[in-house]
Chemist: 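Sending over a structure as structure tokens; questions will come in a sec.
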Amino acid sequence: APVFDLVANSIAKGGLFLFCVETHTGKAPWQIRKSMRHAHSAHYIETLLRERNFALVEKQAGIIRQDNGRPVDGLFYLAKKRLDEVSDAS
């Protein structure tokens, strides 16, 4: 997850990270679709955030874009870099 690493290393404590992903509900954490775009599971994204010391502020499902005139389902995330380091014991 190079993008998450880059953001985690660049953003100040208390900083906000706003992004969206295409929704993936299969068993794998992510997949590459026919459109050649990546889709991710909510569990995978939230694990990446937690491992990089972000707190989930808000998550909302919605249409993130159109592909050949069809809506693409996704998740919008707002996360905040924690002020203190939190270890994930799980």
Chemist: Output side-chain donor-acceptor pairs under 3.5 Å for residues 28-38, partner residues at least two apart or in another chain, one line each.
Modeler:
{"unit_1": "Gln31", "atom_1": "OE1", "unit_2": "His24", "atom_2": "ND1", "d": "2.7"}
{"unit_1": "Arg33", "atom_1": "NH1", "unit_2": "Glu22", "atom_2": "OE1", "d": "2.9"}
{"unit_1": "Arg33", "atom_1": "NH2", "unit_2": "Thr23", "atom_2": "O", "d": "2.3"}
{"unit_1": "Ser35", "atom_1": "OG", "unit_2": "Arg37", "atom_2": "N", "d": "3.4"}

Chemist: How far does CG of Leu16 sit from NZ of Lys81, to the nearest 0.5 angstrom?
Modeler: 12.5 Å
Chemist: Give the cluster check for Val21 versus Leu56: same hydrophobic cluster or not, with ILVMFWY residues linked at side-chain heavy-atom distances below 4.5 Å.
Modeler: yes
Chemist: I want to check something: taking the side chain as every heavy atom from C-beta on, are Phe54 and Ile11 in contact at a cut-off of under 4.5 Å?
Modeler: yes
Chemist: Under 4.5 Å between side-chain heavy atoms, hopping through other hydrophobics if needed: is there a path connecting Ile64 to Phe17?
Modeler: no
Chemist: Looking only at non-hydrogen atoms, find the nearest pair between Arg52 and Ala8 and report the distance.
Modeler: CB-CB, 3.8 Å
Chemist: Let me have the donor-acceptor pairs involving side chains of residues 66-76, under 3.5 Å, with sequence neighbours excluded, atom names and distances please.
Modeler:
none

Chemist: Does the side chain of Tyr77 come under 3.5 Å of the side chain of Glu46 through a donor N or O and an acceptor N or O?
Modeler: yes
Chemist: Could you grab the distance from atom OG1 of Thr25 to atom NE2 of His43, nearest 0.5 Å is fine?
Modeler: 14.5 Å
Chemist: Return the CG to NZ distance between Leu18 and Lys80, rounded to the nearest 0.5 Å.
Modeler: 14.5 Å
Chemist: Heavy-atom distance under 4.5 Å between the side chains of Phe19 and Leu78, does that happen here?
Modeler: no
Chemist: About how many Å separate CZ of Phe4 and OG1 of Thr47, when rounded to the nearest 0.5 Å?
Modeler: 10.5 Å
